[in-house]
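Everything below concerns the one structure shown next.
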Protein chains: 2
Amino acid sequence: MGLTKTEIFSTEQNQLATLLKALAHPARIAILQRILASNTCICGDLVEELGLAQATISQHLKELKNAGIIQGTIEGVSVCYCINPVTWKLIETQMGAFLGAYKQEADCC
Amino acid sequence: MGLTKTEIFSTEQNQLATLLKALAHPARIAILQRILASNTCICGDLVEELGLAQATISQHLKELKNAGIIQGTIEGVSVCYCINPVTWKLIETQMGAFLGAYKQEADCC
DNA sequence: TTTATATATCGTAATATTGCAATACATAGT
DNA sequence: ACTATGTATTGCAATATTACGATATATAAA
């Protein structure tokens, strides 16, 4: 146990859950907001700006990369990260469909 | 360690992360989709339809309830669950702002 | 009151996540 | 080659999550 039973759910359910899990940490939200705010690559900077150790931030960046949410390019000594537009669009689409499925009708509870 | 450093992030970052975390499991997405599909309360039913033990589903329902995403009303022997419209709206707003902050400009990476 | 049914809680095992120090790696400049 | 700088990886401790059997609780029906 302690292992999610992915096999009993649909591919879309698992995919959306995986994407949301990658977003579901304040440090990763902060990292993404920092990238979004600059509207371009972010090279370095992140370690000084967030109050976390360099190893911790590198780990969060790796998770975002693994989920396909960001992509990195080596730029000399440092690495530049930016949003992966394809995955971002996917999140918007899947999340939009999920959230939009709620039609607020008569209150029942 | 093993404990998220919530104190170094903003209230909004922590709130969004908490809400997304509650959604970030295929079983909980499936539960919510089941409620959304019926467009009304769901009383019972969930245990037979998902392939998880009753205790496990009850635990997932509790997490969704704790996050304020669903609300339950005792209806005789069973309990009826439905979407909490306030929280659902909050998720839509916060997530919309977060995702909408991405303006796809020139590719840099 | 007893029984049946539905849901919640407890306890526990397996696994995952978070955070960081230490260290490795990789590139730029000297 | 050596050094400095930025990032990744490793190893580990603390904590959280997932799943479920067993059991408790609560209401309805007999």
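Distance check, rounded to the nearest 0.5 Å: CD1 of B:I42 to CD1 of B:I70 gives 11.0 Å.
Counting only heavy atoms from C-beta outward, the side chains of A:L36 and A:W88 approach each other to under 4.5 Å. In this structure, A:K89 and A:E92 have side chains that are in contact, with non-hydrogen atoms separated by less than 4.5 Å. Using a 4.5 Å heavy-atom threshold, the side chains of B:I69 and B:I91 count as touching. Within the 4.5 Å cutoff, side-chain heavy atoms of B:D45 are placed close to those of B:R34.
Spacing between atom CD of B:E7 and atom P of C:dT18 amounts to 15 Å, rounded to whole angstrom units. Look at CD1 on A:I74: it is 9 Å from P on C:dA26, rounded to the nearest Å. One interatomic measurement links the two molecules: CG of A:D45 to P of D:dT5, which rounds to 16 Å at whole-angstrom precision.
When all heavy atoms are compared, the tightest approach of A:P85 to B:Y102 is CB-OH, 3.5 Å.
Taking side-chain N and O atoms only, B:K21 has no distance below 4.0 Å to OP1 or OP2 of C:dT17. Taking side-chain N and O atoms only, B:Y81 has a distance below 4.0 Å to OP1 or OP2 of C:dA8.
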**Prompt:** In dot-bracket form, how is DNA chain C paired, counting a Watson-Crick or G-U wobble pair only if both its distances are under 3.5 Å and using | for bases paired to another strand?
**Reply:** ||||||||||||||||||||||||||||||
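Residues B:V86 and B:L32 do not share a hydrophobic cluster, defined by chaining ILVMFWY side chains whose heavy atoms lie under 4.5 Å apart.
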Which donor-acceptor pairs under 3.5 Å do the side chains of residues 19-29 of chain B make with protein atoms, sequence neighbours left out?
| unit_1 | atom_1 | unit_2 | atom_2 | d |
| --- | --- | --- | --- | --- |
| B:H25 | ND1 | B:A27 | N | 3.0 |
| B:H25 | NE2 | A:T4 | OG1 | 3.4 |
| B:R28 | NE | B:A22 | O | 2.6 |
| B:R28 | NH1 | B:H60 | ND1 | 2.9 |
| B:R28 | NH1 | B:E63 | OE1 | 3.4 |
| B:R28 | NH1 | B:E63 | OE2 | 3.3 |
| B:R28 | NH2 | B:K21 | O | 3.3 |

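Among C:dT7, D:dA19, C:dC20, the nucleotide with an atom closest to any side-chain atom of B:K5 is C:dC20.
The stretch residues 46-67 of chain A comes close to DNA chain C through A:L52, A:A53, A:A55, A:T56, A:Q59, A:H60, A:E63, each having a heavy atom under 4.0 Å from the strand.
Toward the 5' end of DNA chain C, the nearer of the two residues A:A24 and A:V77, judged by each one's closest nucleotide, is A:A24.
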